[in-house]
Amino acid sequence: MAPYIHGHHASVLRSHEWRTVENSCPHLLPYLTNPSLKILDVGCGPGTITTDLASRVPEGFVYAIDPSAEVIKKARKHAADKGVTNVRFEVGDIFHWQELEGVEEGEFDVVHAHQVLQHLQDPVGAMKEMKRIAKPGGIIAVRDADYSAMNWYPEVPGMREWLDLYIALAKRINCDPNIGKRLHAVAMEAGCDRGNIEASVGTWTFSTPEERAFWCGLWADRTLQSNFKASALESGYATEEDLHKIVEAWKAMEKKQDGWFAVIHGQIICHVEDRS
Ligand SMILES: C[S@@+](CC[C@H](N)C(=O)[O-])C[C@H]1O[C@@H](n2cnc3c(N)ncnc32)[C@H](O)[C@@H]1O
């Protein structure tokens with residue numbers, strides 16, 4: 001399994017815990033009209049999207065997995081704090097789902113993964129497993145960033161260096177930080193017919209002072225406090241000095257009154273064919 005590049009430091013979880021179905025699964029929203037859906041959330045992280053999904057299917061059920069025991073604990077607490085009970089969080093890996101009690105082949109109406117395939121060395125293999133778990137007639141919903149398409153204004157010294165460094169570090173561990181643009185191709189390689197795939201684009205924009213403080217602030221912290229620092233230094237791709245310049249770039253971006261940062265995601269809905 002690829003090491004999860006960001007790790008689960010508080011500065012990383014600040015981004016994950018902000019996520020909701022509305023801001024992170026717009027492609028899935030039209031399919032959540034049936035309150036009895038059974039959903040599998042793959043790579044759920046601290047589970048804010050998962051718990052939101054569960055609250056939208058009150059007569060259904062969400063099963064969520066993540067290899068990190070630490071985030072699964074947080075996810076269980078988040079659901080409990082929200083009073084959401086139709087959800088189960090288990091430590092688990094998409095490549096070993098057969099080891100999970102209660103997960104059977106062809107069982108889930110929706111198999112969902114948000115920003116997970118970009119962290120896997122074998123995204124096609126993961127998509128094949130997700131296809132096996134989905135019910136015939138069900139859907140697979142996947143959304144991932146395309147780092148190469150991230151954009152910002154104004155140009156701030158150090159931001160390009162941040163982006164180049166992040167992309168190089170992800171590629172170094174054989175992951176594709178730009179996978180968002182080819183999720184439909186990954187699904188096709190995993191055996192989904194092109195005619196059964198809806199491909200679209202979803203974005204996050206950080207521009208108001210509050211949005212910039214949130215996004216730029218968490219990246220400034222991540223750069224020196226999360227696993228990002230260790231991988232950058234260990235790879236030899238950056239020095240401590242380079243990392244401090246990147247932090248300054250994020251702080252400068254936060255202060256820009258006309259600052260604007262766009263995160264571009266590719267997103268797909270793959271309709272699973274009846275196998276009979
Ligand atoms: C960027 S986080 C996304 C978390 C959550 N889906 C969200 O958007 O808030 C990626 C998550 O994928 C998990 N992950 C990594 N490899 C995995 C695997 N083989 N199977 C399932 N999850 C995995 C990581 O532990 C991490 O929590």
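Residues take their numbers from the sequence shown, with the count starting at 1. In each ligand, atom 1 is the first atom listed, and ligand 1 is the first ligand listed.
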### Task
For residues Gly45 and Asp66, report the shortest heavy-atom separation together with the two atoms involved.
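Where Gly45 meets Asp66 most closely, the heavy atoms are N-OD2, 2.9 Å.
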
Answer yes or no: does an N/O atom from [X] fall short of 3.5 Å to an N/O atom of ligand 1?
X	answer
Leu120	no
Ile94	yes
Asp93	yes

Numbering the atoms of ligand 1 from 1, which are under 4.0 Å from a heavy atom of [X]?
X	result
Gly45	4 (C), 27 (O)
His119	1 (C), 10 (C)
Arg19	3 (C), 7 (C), 8 (O), 9 (O)

Aromatic centroids of [Y] and [X] separated by under 6.0 Å:
X	Y	answer
Trp18	Trp215	no
Trp162	Trp250	yes
Tyr31	His271	yes

### Message
Quick test: of every protein heavy atom, which one is nearest to atom 10 (C) of ligand 1, and how far off is it to 0.1 Å?
### Response
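Looking only at protein heavy atoms, the one closest to atom 10 (C) of ligand 1 is Gln115 O, 3.3 Å.
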
#### Entry: Closest protein heavy atom (residue, atom, distance) for atom 3 (C) of ligand 1
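Of the protein heavy atoms, His114 O, 3.5 Å lies nearest.
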
### Task
Output yes when a side-chain donor or acceptor of Asp41 lies under 3.5 Å from a complementary backbone atom of Cys44, and no otherwise.
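No; zero donor-acceptor contacts below 3.5 Å.
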
### Query
Quick one: which of Ile140, Leu117, Ile197 gives a side-chain contact (heavy atoms from CB on, under 4.5 Å) with Leu183?
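Only match with Leu183 under side-chain contact (heavy atoms from CB on, under 4.5 Å): Leu117.
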
### Message
Checking contacts here: is it the side chain or the backbone of Ser24 that comes within 4.0 Å of ligand 1, counting heavy atoms only? Could be both or neither.
### Response
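It is neither; nothing of Ser24 touches ligand 1.
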
#### Entry: ligand 1-proximal atoms of Ile49, by part, heavy-atom distance under 4.0 Å
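Near ligand 1, Ile49 shows its side chain, while the N, CA, C and O stay back.
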
### Task
For ring-ring contact (aromatic ring centres under 6.0 Å, His included), just list the numbers for Trp260 and Tyr153, CA-CA rounded to whole Å, side-chain angles, deciding distance to a tenth of an Å, and then say yes or no.
CA-CA 5 Å; Trp260 176 94; Tyr153 177 86; 8.0 Å; no

### Message
Measuring from non-hydrogen atoms of Asp66 to any atom of ligand 1, is the shortest distance under 4.0 Å?
### Response
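Yes; Asp66 lies near enough to ligand 1 that a heavy-atom distance drops under 4.0 Å.
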
### Query
Counting heavy atoms only, which of Ala113, Cys175, Pro67 comes nearest to atom 22 (N) of ligand 1?
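Selected option, by shortest heavy-atom distance: Pro67.
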
### Task
Counting heavy atoms only, name the option from Cys25, Gly43, Ser68 that's nearest to atom 5 (C) of ligand 1.
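Closest candidate by heavy-atom distance is Gly43.
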
### Query
Any chance the side chains of Glu17 and Thr48 put a donor and an acceptor closer than 3.5 Å?
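Side chains of Glu17 and Thr48: no pair found under 3.5 Å.
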
### Query
Which ILVMFWY residues are connected to Val201, directly or by a chain of links, through side-chain heavy atoms under 4.5 Å apart?
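Direct or chained contacts put Val201 with Ile264.
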
